[in-house]
Amino acid sequence: MASKVLRAVVLGPPGSGKGTVCERIARSFGLQHLSSGQFLRESLRRGGEVGVLAKQYLERGLLVPDHVITRVMMTELEKRRAEHWLLDGFPRTLGQAEALDRICELDLVISLNIPFETLKDRLSARWIHPASGRVYNMEFNPPHVHGVDDLTGEPLVQREDDKPEAVAARLRKYKDAAKPVIELYKSRGILHSFSGTETNKIWPYVYALLSNRIPPVHSEEEN
């Protein structure tokens with residue numbers, strides 16, 4: 001572990017392999033992988049004011065608004081002021097980035113640029129286990145038994161916004177919201193962009209970047 005606390009963010013559209021890259025970084029460099037989706041699920045399970053608020057949106061099939069996600073994330077990050085971490089799925093908007101600024105200074109932002117057609121294909125083949133957030137891709141990461149979660153045996157579902165007809169609109173919406181966030185971090189000189197169609201080909205460059213900032217605890221080949 002480096003003596004300086006490292007705070008990093010991975011940005012990328014739905015289907016970009018962001019979760020996979022975050023898991024590899026966490027394993028290789030001993031950083032905590034903090035996922036906004038995971039914190040939201042935990043908040044729903046616990047109930048409480050924010051959990052109840054989020055549930056009202058999710059039950060109606062709506063996106064949880066900025067201010068609710070921001071409250072969930074700020075609460076969790078306040079508990080981790082002295083720790084290394086890696087954020088996945090936050091910030092997605094300029095408002096969220098500004099809220100994050102108020103409690104910490106980021107060292108590094110990784111942006112994954114994946115071609116539109118690749119994202120469309122990946123998302124259309126994506127199924128999830130709702131309770132855990134585990135994601136399967138029917139082409140390159142299918143479950144052992146079709147339509148069933150590997151660990152619990154519970155059924156998998158395809159999100160409405162992963163269905164082919166919804167994907168293009170979803171990606172456009174992400175791009176519009178993310179553009180000012182990317183510009184903000186670019187202007188600060190902390191943005192590092194990686195382009196490609198395969199996570200395995202992008203990964204060595206991400207690993208090399210982080211190796212200059214923090215000593216690895218596992219070698220690249222172990223991932």
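Computed from heavy atoms alone, side chains included, the values below leave out hydrogens, waters and symmetry copies.
Looking only at distances, a side-chain donor or acceptor of R80 sits under 3.5 Å from a matching main-chain atom of E76. At distances below 3.5 Å, at least one donor-acceptor pair connects side-chain atoms of D150 with backbone N or O atoms of H144. At distances below 3.5 Å, not a single donor-acceptor pair connects side-chain atoms of S28 with backbone N or O atoms of I25. Remark: the backbone N or O of G15 is paired with a side-chain donor or acceptor of R122 at under 3.5 angstrom.
Grouped by direct or indirect side-chain proximity (heavy atoms under 4.5 Å, Ile/Leu/Val/Met/Phe/Trp/Tyr only), W127 sits with Y136, M138, L156. Listed by chain and number, the hydrophobic cluster partners of V157 are I128, V135, where partners are ILVMFWY side chains within reach of under 4.5 Å, directly or through others.
Between E105 and R7, every side-chain heavy-atom pair lies at or beyond the 4.5 Å cut-off. By the 4.5 Å heavy-atom criterion applied to side chains, D88 and S36 are not counted as neighbours.
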Can you give me every donor-acceptor pair (side chain of residues 189-201, partner residue at least two apart or in another chain, under 3.5 Å) with its distance?
| unit_1 | atom_1 | unit_2 | atom_2 | d |
| --- | --- | --- | --- | --- |
| N200 | OD1 | R24 | NH1 | 3.1 |
| N200 | OD1 | R24 | NH2 | 2.6 |

Determine all donor-acceptor pairs shorter than 3.5 Å in which one atom belongs to a side chain in residues 171-187; sequence neighbours excluded.
| unit_1 | atom_1 | unit_2 | atom_2 | d |
| --- | --- | --- | --- | --- |
| Y174 | OH | G12 | N | 3.2 |
| Y174 | OH | G12 | O | 3.4 |
| S187 | OG | L184 | O | 2.6 |

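If you run side chain to side chain contact (heavy atoms under 4.5 Å, CB included) between P91 and each of I69, T70, V9, V109, only V9 comes through. Of the candidates R71, R92, Q96, Q96 is the only one forming a side chain to side chain donor-acceptor pair (under 3.5 Å) with D66. L87 pairs in a side chain to side chain contact (heavy atoms under 4.5 Å, CB included) with only one of the listed residues (L11, L31, L77, V10), which is L77.
With sequence neighbours left out, D101 forms a salt bridge (Lys or Arg N to Asp or Glu O under 4.0 Å) with R188. Remark: P65 pairs with Y57, H67, V68 by the side chain to side chain contact (heavy atoms under 4.5 Å, CB included) rule, at least two apart or across chains.
For T118 and D121, the side-chain atoms include no donor-acceptor pair closer than 3.5 Å. Under 3.5 Å, the side chains of H84 and Q32 contain no donor-acceptor pair of N or O atoms.
With rounding to the nearest 0.5 angstrom, the CG atom of L40 is 10.5 Å from the CZ atom of R45. Rounding to the nearest 0.5 angstrom, the gap separating the CD atom in E83 from the CG atom in L6 is 13.0 Å. Taken from NZ in K18 to CG in L112, the straight-line distance is 8.0 Å, to the nearest 0.5 Å. Separating the CD atom in E98 from the OG1 atom in T93 is a distance of 8.5 Å, to the nearest 0.5 Å. Atom CG in L123 sits 8.5 Å away from atom CZ in R159 (nearest 0.5 Å). Summarising the geometry, atom CD belonging to Q38 is positioned 4.5 Å from atom CD belonging to E42; distances are rounded to the nearest 0.5 Å.
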Are H33 and E23 close enough, and set up right, to give a side-chain hydrogen bond (donor to acceptor under 3.5 Å, both in side chains), and what steps lead you there?
-> CA-CA 7 Å; H33 174 193; E23 284 166 13; 5.0 Å; no
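Ring pair F39/F90: centre-to-centre distance not below 6.0 Å.
Taking the charged nitrogens against the carboxylate oxygens, R213 and D107 have no contact shorter than 4.0 Å, which rules out a salt bridge.
Shortest non-hydrogen contact noted between A166 and E160 is CB-O, 3.5 Å.
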